[in-house]
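Let me begin by presenting the structure, written as structure tokens, before commenting on it.
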Amino acid sequence: MTGNPRAPARVQGATEEVRDERALDRIAVGRALAGDRDAFGEIVLRWQDRIHALIFRMTRDADLARDIAQETFVHAWTGLRSFQGGAALGTWLHTIALNQVRTEMRKRGAKKRGDAASLDAMAGEDGASFDPEGPGGDPSAPAEERERAAILHAEIAALDPEFREALVLREFQGLEYDEIAEATGVPVGTVRSRLFRARSELARRLENRLGGMR
Amino acid sequence: MMRCEDALLLAQERLDGALASELAAPLDAHLGACADCAAENSRLHALRAAIRAAPSVSAPAGLHDAVMARISASPHPAATAAAGGGRILRMEPRLFAGLAAAAVLLVAVGVTLLPPLGGPEREIADLVRLEEMRESAETAAHDSMDDAVSARKARAAAAPEPMDAKEKNAGGGAETWSDSLRKDEKSDGGVADAARQEGEAPAGPGAPPPPATAAPSGAPEQEKGTGSLGASAPEPAAPAAPAEGSGVAGAGAVGMRPGGRSADDKSADDKSTDDKSGEKDAGARDRRVGDHETKRTADAPTETRRYVVFRTRAEAESFLAVVAAKPDVAPPGANAPPVERAAGAGVADASEPADVVAVRVADLRIRSASRLASVAEAWGGILGPEVMSAPGARGDVDAIAGLRAVRDAESRRAPPAGGAAPGLAGGGGGGAGGAAAKSRAPADRAPADRAPAETKREDVPDDLAETVILRIVVAPVPARGPAAQPAPPAEKR
């Protein structure tokens, strides 16, 4: 119940770990570009949990998350040459994943009700279709915790897509403001604003559903 | 006394570990004095705790294997680059020399003999030719500049001197291909200027480049700033007409990386330099998105032109279909036949049959961040992450949004009196039946986009004053014989 031990490295304040990870990424990218597919496999291993988690939290669909995660890495592979190294590989992967999610959601949303980019089209507003355990989740967790988690994710999913992206990238993926800005393509000030509004809105919703956050 | 909204943002920053230490005391003082903010701060912390307690999500078993199976079956990215940029480099020297000579010959013939094209067709032809010129130049520079020079000298010896040195120095004649290439190395506008100066008075060596605001002689209407494209909506401050030459220079920069440049964005210039060097390393053949030109005058908003050069008609049609299907990007009626043929488009390659030359131009005026983002996403869906992840792919949005934010802040301090808010320019594409644009007044914006400035002062309004013109050019992929063959053994490299 402590969250993905690998994902929120920054949240845990593991600056050294992040630095090491970036160094490993840079080396792996170099090797991959030199023809070493296994090096890219290392990248996939290192990032698959986080990228998949991002996609899952954005889509609330385990099968779709798996497919999009796969596409994300394949796109990263085919476009690896364009990765400049100036940005962190993780941020770059997050950008690709978000683009994939947006594209897929737009397609599905448009099919369902002609409302582009609506993630809500994926599931009921009450989160009925959300699997509280999630892929890799703990089915043995107390029912109350699972229910709370389901409500939390349902309310996150009910946020505006822009707010949801900012919130998920910060709270679950552990990205810094500037990294979120890079991944979402908006200025840092906008990230701060969206994040604050997302949190305020989510807290208000959870209070209504759970009877108080405090 | 700190304002509540400031205090809450700072409280959030502290929650995220991003609060500057010197702001901690003022924040604490405010929280101590303001019960509402203290409660909100507690709520933020409680939310953080709830989120931390949420179960983790792990990748499903087999994801790694599935990915590896997919990439094992796909070409290596470096090989892809080689298959693009390195194709010519792997040619037999004689064949290469022949093609280089043919390229020079065709460029020269194209410049001098092709019937004058009007409007967008002319510009498209230039774009196509410019790209071929750049490719030839890069190839020559990399592998066999001597061959290219020899070929050119042979051509020059066989043909009358186009101008004497004196005339040239006086700026009295057309620039030669190599002149334009050299100029291109010095400035973005080089190649384009040279190619566009057919029949026009060119700048001689040392002469300043055309002024950025100079309207191109004979330029099609839609080329001139808002021009006819903006006719459907009022423009309080019409963008200056882009200099035609430099406009294409971007495409010539054929930098092939997305992202326009803001005139006051120095980093963009730096990036451009990086891109050029990067092109040499990675090859140019498979790059498809060029950026364009950004123009800004003291009073006019920025206008950015992006040139997306597609290599195949199908690719362009696919892209346009996506764009046309997006109601927030393309206006109703934008579903014109996406590809048209423009006779006379120059292709600097002897192996290119003339009948496959097809060009199409479509202008989309995009005047909001969300629309631009939508188009960018469409690019990503079709062109792939190698394009979207390239430096500058989103930089423009940021740069433009940043400019807008500054302007908004200024206007808040001194709101314009009585002036109609800028509408969204719209209009159909050029002579080739381009996609249109649509108009939408700021008043039509969703309320969320007009949140009170006090609570959203750092946010960027969705509607931007700048205009981004997406210019789509379809260019054929010249058949180059060995080009389609797999990469040669390593020793050839």
Side-chain angles (χ1 to χ4, degrees), chain A residues 1 3-4 33 35 37 40-41 44-45 48-49 52-53 56-57 62 66 69-70 73-84 86 92 95-96 99 102-103 116 133-138 141 145 149 152-153 170-172 177 185-187 189-190 192-193 195-196 199 202-203 206 213-214, chain B residues 8-9 12-13 16-18 40 42-44 46-48 50-60 63-64 66-68 70-72 74-78 80-81 278 282 326-328 369 373 376-377 380-381 384-391 394 397-398 401-402 405 448 456 458-460:
Chain A
M1 303 305 294
N4 186 340
L33 285 173
R37 281 183 162 82
F40 189 77
V44 175
L45 276 177
Q48 64 176 359
D49 282 349
H52 174 267
F56 176 72
R57 289 193 166 103
R66 178 194 164 97
Q70 194 179 130
F73 284 113
V74 171
H75 273 74
W77 166 256
T78 57
L80 193 60
R81 187 171 48 83
S82 66
F83 173 63
Q84 298 295 305
W92 187 63
T95 303
I96 297 172
N99 284 335
R102 289 168 182 161
T103 301
E133 294 160 14
D138 180 10
E145 281 186 16
L152 171 67
H153 286 286
R170 175 61 206 154
E171 291 289 0
F172 294 98
Y177 292 163
V186 300
T190 305
R192 286 196 187 94
S193 171
L195 196 50
F196 181 77
R199 283 168 163 157
L202 181 59
L206 289 177
M213 291 292 302
R214 284 163 281 179
Chain B
L8 292 175
L9 284 175
Q12 172 179 258
E13 290 191 6
D16 293 325
E40 187 64 25
S42 297
R43 185 190 274 181
L44 286 176
L47 177 64
R48 165 64 58 84
I51 288 173
R52 289 283 178 270
S56 61
V57 176
S58 301
L63 176 59
H64 175 265
V67 170
M68 296 311 290
R70 293 266 312 265
I71 69 170
S72 295
S74 64
H76 188 275
T80 304
K326 299 178 71 59
D328 59 335
E377 287 166 19
E386 73 277 12
V387 171
M388 292 310 300
S389 58
R394 291 181 173 278
V397 182
D398 281 354
K456 203 183 175 185
E458 286 187 306
D459 208 338
V460 177

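Note on naming: letters A, B, ... go to the chains in the order of the sequence lines (proteins, then strands), and numbering restarts at 1 for each one.
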For Ala59(B) against Gln48(A), the heavy-atom pair lying closest together | CB-O, 3.7 Å
If every non-hydrogen atom of Ala66(B) is compared with every non-hydrogen atom of Arg66(A), which pair is closest and at what distance?
-> CB-NH2, 4.1 Å
Do Arg48(B) and Arg199(A) touch side chain to side chain, with heavy atoms closer than 4.5 Å?
-> yes
Check ring-ring contact (aromatic ring centres under 6.0 Å, His included) between Phe40(A) and all other residues, then give those that pass, not counting sequence neighbours.
-> Trp77(A)
Distance in Å, Gln12(B) CD paired with Arg192(A) CZ, rounded so as to fall on 0.5 Å steps = 8.5 Å
Non-hydrogen side-chain atoms of Val44(A) and Leu63(B) separated by less than 4.5 Å | no
In terms of heavy-atom contacts, Arg70(B) and Gln70(A) come closest through NH1-OE1, 3.1 Å
Side chains of His64(B) and Phe73(A): does their closest heavy-atom pair fall under 4.5 Å?
-> no
Residue pair His52(A) / Pro60(B), side-chain heavy-atom distance below 4.5 Å = yes
For Ala18(B), is it the side chain, the backbone, both or neither that has a heavy atom under 4.5 Å from a heavy atom of chain A?
-> side chain
Nearest 0.5 Å please: distance from the CG atom of Leu195(A) over to the CG atom of Leu9(B).
-> 9.5 Å
Drop me the distance from Ile71(B)'s CD1 to Thr78(A)'s OG1, to the nearest 0.5 angstrom.
-> 10.0 Å
Looking only at non-hydrogen atoms, find the nearest pair between Leu152(A) and Ala54(B) and report the distance.
-> CD2-CB, 3.7 Å
